[in-house]
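In what follows, a single structure is set out as structure tokens and then discussed.
Remember, it's 1-based here, ligands and their atoms both numbered in the order they're listed.
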Amino acid sequence: MEKQALETLLKELTLDEKIGMIHGNTLFETKGVERLHIPPLKTSDGPMGCRQEYQSTKWFPIGFSFDYTSYLPSNTALAATWNTELAYETGKVLGKEARGRGKDMILAPGINIHRSPLCGRNFEYMGEDPHLASELVVPLIQGIEENDVSSCVKHYALNNQETRRIDVEVEASERALREIYLPAFKAAVTKAKAKAVMGAYNKYKGRYCCQSPYLLDEILRKEWGFEGIVISDWGAVHDTKEAAETSIDIEMSVTDNFDEYFMAEPLKQAVLNGEVPESAIDEKVRHILYVMNELHMLDGERNRGMYNDIADREKLLKVADESVVLLKNEQNQLPLARKDGMHILVIGDNAERAHSNGGGSAEIKALYEITPLLGITMQAGGNIRVTYEQGYNARTKGRIWDPDNHTEESWQATSLEEGADTPQSKAAQFDEELAQRAVEAAKEADVVIFVGGLNHDYDTEGKDNESMKLPYAQDELINRLLEVREDMVIVMMTGSPVDMSAWVDKAATLLHMSYAGMEGGTALARVLFGDVNPSGKLPETFPRILEESPAHVLGNFPGDDFVNYGEDIFVGYRYFDTYNVKPLFAFGHGKSYTTFAMKDMRVIADEGASHTVKVTVENVGHMAGAEIVQLYVSDEECSVKRPKKELKAFTKVFLQPGESKEVTLTLTEESFGYYDENRACFVAESGVYVLGVGDASDNIMLTEKITLQNEITYK
Ligand code: GLC
């Protein structure tokens, strides 16, 4: 429909009809206007798939038998792949599933930066680096929106903790906002042309994000030219007039008094009594009609989508395969050779626990979920005895959806109430009997694999963790097991870094994976047996201990009424590098079963500050594999303090044994600047810059210097 036709349609709407379109009419939908063939806008969570159907007015699942859906890898797992093509494929699956379930907007992706290892929702986000997140979120959104489904990039902005999320005031410098916390949102809006943005709960500069003229009108609309929908987080609007005056278009919440929402009857009354011009309502509805038109909701030519498509599971498996990070393989214990009659012992609650149905609004009623134990058993094949010991007793049993328990009200009904964010304690609950059984069994097996870490009792929306310590007294169990089996393979499954200091130096073989979706167990098994060569790299730094994490050293976390981002731009490796603090595992770290060499780095100066960097990568080992070439920029002469280096380009290259390829990395003028608060723009000063290429942020293998002759400024 042409713009003029949309304007005509807008003019035909009554005030009641317009008000009905800008607030929740059910928990996940707004009202349509049947007489004008405007359908309701149907939303659904979330980043890991299309959530099960809830009742219209109460937080009880309906309990359909047909709303089992694909369970996708978490955004942190996707980030660990560093694979922009897989991001696109993941987006296509997510959008196709949502459309197949009849939705118009999927409330994803989440792209808030991992500021602290304690944030309960880190698993839903893409790590600590704005460039990595920006490069992945664009194809992800493009994939989603190809299906005539709106993405909804969230939570805008500065929602980096769950404690007091609904009202905490974030104190962050403009420079940290621009260099760290906004870039992925800017890329989503200006490059991927995302059709919706979800306003966050928290406050910034004294205003709730969903009523912030600075974030919504100044930056999102004016600077970035965003024409899509701004939808509130559920319960994130607090004032009718402020909402009317700022560019929030739809108010959603967790209660069923829909007509009493701030942007419902109260806003209608404010218009009728002249407090608010009707044009303010028109502007909101205009954004909604614009998106509906883009989604072909008004002309009937709609993509049908499809959920649970068998063909998509191969793609999700590939993402899971590439999300597994090999942290240590000191004895070359991996890959495991399948031997007739061998006995593999798998230990740990996370080996047989389902995670799909947890985590908060990212929960998925999964069609199925291959756990690590099932994956190892399936991939081992017959004549290999795979036995299991729980080893530690986790608090609640993760479960694939139990059709009989849809009578349970969701946590979300009370998610905005006082105390809802009280973190789970990590009280040690060492279970001597379980541990002893595991230790005895470990003595007999040919191979011992421990799968532990966290679960969605700890990696969850609405709560942060109190510490990085592993729950369920896993440290003691791991140490007892390592005493009898120093060759034990350890798999940490977590959505955030955890404290491994109690045993990590004794562990020769260690892997990390986040919640990797319905084929996560298959992927782990394929990596362990070498059917897949691990290629994942950490999307965030793993500190040795929490007290060495920048938000907890220079800033505060989680704060109280206020939270101060005192570490400023020194988030993640930007801190560890610059302050010379050695982390346990560095950002971008991840090993392979083969070895790669990098050589012949060449830099070609292009137009302005743009440069092309070429590097030859060679697989000098005996197994096909993939390397992630990372390019970091260092500005050693800058007039202001900058991080020692910053990731500004990367590429993933797949090579057969002995094969070499020249890869190309591109730097633009935006690869060199820092944000100057006084000049309210980015500045790339003239002078010498060092370009460092390597396979991890702490392993730069080649460097070249370039000189910018003139200072460059950009927005
Ligand atoms: C929740 C979450 C948001 C989710 C929404 C709907 O509070 O913060 O990410 O999409 O409400 O469930």
Side-chain angles (χ1 to χ4, degrees), residues 23-30 41-61 67 69 72 74-76 94 98 101 103-112 119-126 137 144 149-168 185 188 194 196-203 208-210 229-238 248 250-256 258 261 357-365 409-417 420-421 456 459-464 495:
H23 68 84
N25 182 47
T26 76
L27 291 176
F28 283 100
E29 296 180 12
T30 59
L41 187 74
K42 298 184 176 181
T43 77
S44 171
D45 289 307
M48 297 173 78
C50 194
R51 194 176 181 186
Q52 63 185 314
E53 294 299 321
Y54 275 85
Q55 296 180 19
S56 298
T57 59
K58 295 292 176 209
W59 287 98
F60 287 87
D67 59 352
T69 55
L72 278 58
S74 66
N75 279 350
T76 301
L94 183 54
R101 292 287 316 123
K103 307 302 178 186
D104 306 309
M105 179 185 290
I106 187 78
L107 303 170
I111 56 171
N112 294 101
C119 174
R121 287 186 91 169
N122 277 339
F123 74 98
E124 290 188 62
Y125 307 147
M126 294 181 167
V137 75
I144 290 171
V149 168
S150 173
S151 66
C152 182
V153 65
K154 67 187 185 180
H155 307 87
Y156 181 74
L158 296 162
N159 180 188
N160 307 98
Q161 67 186 57
E162 291 303 287
T163 308
R164 295 280 302 268
R165 64 173 174 160
I166 55 174
D167 64 356
V168 71
F185 285 100
V197 171
M198 183 184 292
Y201 283 117
N202 51 280
K203 295 175 188 168
Y208 284 105
C209 287
C210 291
I229 293 172
V230 178
I231 187 169
S232 78
D233 202 338
W234 269 233
V237 171
H238 299 268
I248 179 84
I250 295 178
E251 175 190 9
M252 301 303 285
S253 193
V254 299
T255 50
D256 62 358
F258 304 113
Y261 284 14
N357 190 38
S361 59
E363 66 175 14
I364 294 298
K365 184 172 158 185
E409 185 176 51
S410 162
W411 59 280
Q412 207 154 350
T414 55
S415 58
L416 307 183
E417 291 175 13
D421 58 2
H456 284 312
D459 283 322
T460 188
E461 175 177 349
K463 297 183 189 303
D464 294 322

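Residues that satisfy the salt bridge (Lys or Arg N to Asp or Glu O under 4.0 Å) test with Asp421, not counting sequence neighbours, are absent from this structure.
Between the side chains of His155 and Arg121, at least one donor-acceptor pair of N or O atoms lies under 3.5 Å.
Remark: Glu162 does not engage Lys463 in a salt bridge, criterion side-chain N to carboxylate O under 4.0 Å.
Here CD of Glu363 is found 4.0 Å from CZ of Arg51. Values are rounded to the nearest 0.5 Å.
Protein residues having at least one heavy atom under 4.0 Å from any atom of ligand 1 are Phe28, Asp45, Arg51, Leu107, Arg121, Lys154, His155, Arg165, Met198, Tyr201, Asp233, Trp234, Ser361, Gln412, Glu461, listed by chain and number.
When the options Tyr261, Tyr201, Phe28 are evaluated for a ring pair (Phe, Tyr, Trp, His ring centres under 6.0 Å) with Trp234, the one that passes is Phe28. Applying the side chain to side chain contact (heavy atoms under 4.5 Å, CB included) test between Met198 and each of Ile231, Thr43, Val153 identifies Ile231 as the sole match.
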